[in-house]
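Comments concern the structure below.
Below, read A as the first sequence line, B as the second, and so on, with proteins coming before strands; counting in each chain starts at 1.
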Number of protein chains: 2
Amino acid sequence: MATIAETKVPVNVKSLKAIQSEVKNINRIALSVDCVIFGFDENKLKVLLIRSDLKKFMGRWSLLGDLIDVAEDVDEAAYRILRERTGLKDVYLEQVHTFGKPQRHPAGRVVTIAYCSLINIQHHKLSKMENELHWHDVNNVKDLAFDHQQIFDTCYLRLQKRIQEHPLGFNLLPKKFSLRELQNLYEAILDTKMDRRNFRKKFFSMDLLIDTDEIERDVPHRPGKLYKFNFDKYEKRKKKWTGIDF
Amino acid sequence: MATIAETKVPVNVKSLKAIQSEVKNINRIALSVDCVIFGFDENKLKVLLIRSDLKKFMGRWSLLGDLIDVAEDVDEAAYRILRERTGLKDVYLEQVHTFGKPQRHPAGRVVTIAYCSLINIQHHKLSKMENELHWHDVNNVKDLAFDHQQIFDTCYLRLQKRIQEHPLGFNLLPKKFSLRELQNLYEAILDTKMDRRNFRKKFFSMDLLIDTDEIERDVPHRPGKLYKFNFDKYEKRKKKWTGIDF
DNA sequence: CATGAATTGTGTATAAAGTACACATCGATA
DNA sequence: TATCGATGTGTACTTTATACACAATTCATG
């Protein structure tokens, strides 16, 4: 039952000089970005991993990351890494969480900021050719280097939640997609099965899909219609939800 | 339409020594924590602010923050600041976002990790006595020092979202509370009005409130019953939601 | 101690959203 | 032209959200 009066809260009385001194000389820490890059291929949710080159983690997989430059904006660092690793620029990228246990990196104190990215894997079809980079099935990701397993788990959980609240999934699909592809995507990310009719009803009732008047090609059965997502319409009608649900 | 094969992705070939060198000598940045501490008093949502002591921000209010020590766990640093500023230990604390624009701090490059905390303001009734610390009405928070306005806005939005999905609000109330107090809290945080009967029905149907068999005292009208929140029951039944809503 | 003021406590009818479920249609293939 | 394997559609039922009104309790007052 301590009150502020009792606890004699120490107030902030540092001079700018003192702060500058601390900032410049004492408390400086290496900062990195780690990207959890998701893709969707063959009806599986995938994540892009690279083999760790550190002896300590010999042969184990890790996330794509790099140190942040002293003068570099943090978000910009994340975009830079994506650019360097995938050649892509205009992609979905979201900061998820910062991980800062003192012993998390063997090279010293490194605090890392995790970002989650969703990219269209079709643009990376040939990644199998690369020896060091690999698309992993998310259900098969384990024993990552550093604390990357925890970072991956956090980002995957975040993705599962966000995909239900925002139309992120379309970043993983081609511009034009069938409803079956869309449902496969949701089922893969949420690791669940959904009723096909109710799934369609739900998306049609949102009225955010544009019928392209095209149909699938090269499928060995009746082809489905192809749709585009109406991003403009979605942006215009973002609602403020005030239900309570827990 | 670049593929990985075309873009010649550079692979990670740094040795541990090279990384150590970068970590130790080159890319080190000051890291801080800033806490957005919410409280609830007189049916208003409040946030705890302190006057900035920097000349540049003379007289303007700022969040409570401090530099993270080189060897200090990031979460632990956030708890330390809360302890130092409020004397409280076992409180709700959640990391929200990391802010890292290069010019955000006048003393040099400082990246800050924002945390959101909810505390029972009753334990701080006497904060008015302090000159440097003050509980501000959230609707009256503007023109904060540094980039703290952006940080505050981000945390407030996060709170509004989280309170609808998780029972965080009870951290802001006394252990025993009336349904009217609970509703006032939700209305204050979400800045909305709710129907009293439907609000009660909703919470009773969740079956997470424990009737304490006590009633309010010192109210100038019919007193309401007091309830406790059943945290145990809530923990046991966390559900996996797989709807789609956007 | 009777009355008025303020707030608590409760129920029902309606609308909206979610869920479960079956059959006809189309195109490719043999 | 018959079969296979998808697509495409509708309806009944259940659950949840919303709108809305009146009686009961306590305190304050004269």
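Phe203(B) places its CZ atom 18 Å from the C1' atom of dT8(C), with the value rounded to the nearest Å. Atom-to-atom, CE of Met206(A) to P of dA16(C) comes out at 18 Å; the value is rounded to the nearest Å. Taking atom NZ of Lys202(A) as the reference point, atom P of dT19(C) lies 9 Å away to the nearest angstrom. As rounded to whole Å, 12 Å separates atom C1' of dT7(C) from atom CD of Gln183(B). dA17(C) atom P lies 15 Å from atom CD1 of Ile244(B), rounded to whole Å.
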Is there a side-chain hydrogen bond (donor to acceptor under 3.5 Å, both in side chains) between Thr98(A) and Thr98(B)? Walk through the geometry before answering. CA-CA 7 Å; Thr98(A) 297; Thr98(B) 297; 2.5 Å; yes
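Nearest heavy atoms, Thr212(B) versus Lys176(B): CG2-CG, 4.1 Å. For the residue pair Ile151(A) and Asp34(A), the shortest heavy atom distance occurs at CD1-OD2, 4.3 Å.
With sequence neighbours excluded, the residues that form a side-chain contact (heavy atoms from CB on, under 4.5 Å) with Tyr186(A) are Ile163(A), Leu182(A), Leu190(A), Met194(A), Phe199(A), Phe203(A), Ile244(B), Phe246(B). Partners of Phe38(A) under the ring-ring contact (aromatic ring centres under 6.0 Å, His included) rule, at least two apart in sequence or in another chain, do not exist in this structure. In terms of the ring-ring contact (aromatic ring centres under 6.0 Å, His included) criterion, residue partners of Phe177(B) (sequence neighbours excluded) are, by chain and number, Phe170(B). Residues satisfying the ring-ring contact (aromatic ring centres under 6.0 Å, His included) criterion with Tyr227(B), sequence neighbours excluded, are Phe204(B).
At the phosphate of dG9(C), OP1 or OP2 sits under 4.0 Å from a side-chain N or O atom of Arg200(B).
The nearest heavy atom of DNA chain C to Tyr227(B) and to Gly243(B) marks one nucleotide each, and the one closer to the 5' end goes with Tyr227(B).
By the 4.0 Å N-to-carboxylate-O rule, Glu132(A) lies too far from Arg85(A) to be salt-bridged with it.
First and last contacting nucleotides of DNA chain D toward chain B (any atom under 4.0 angstrom from a heavy atom, 5' to 3' order): dA17(D) to dC27(D).
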Could you run through nucleotides 21-30 of chain C and give me one letter per nucleotide, 5' to 3': B if any protein heavy atom sits under 4.0 Å from the base, S if only the sugar-phosphate is that close, - if neither? BB--BBSS--
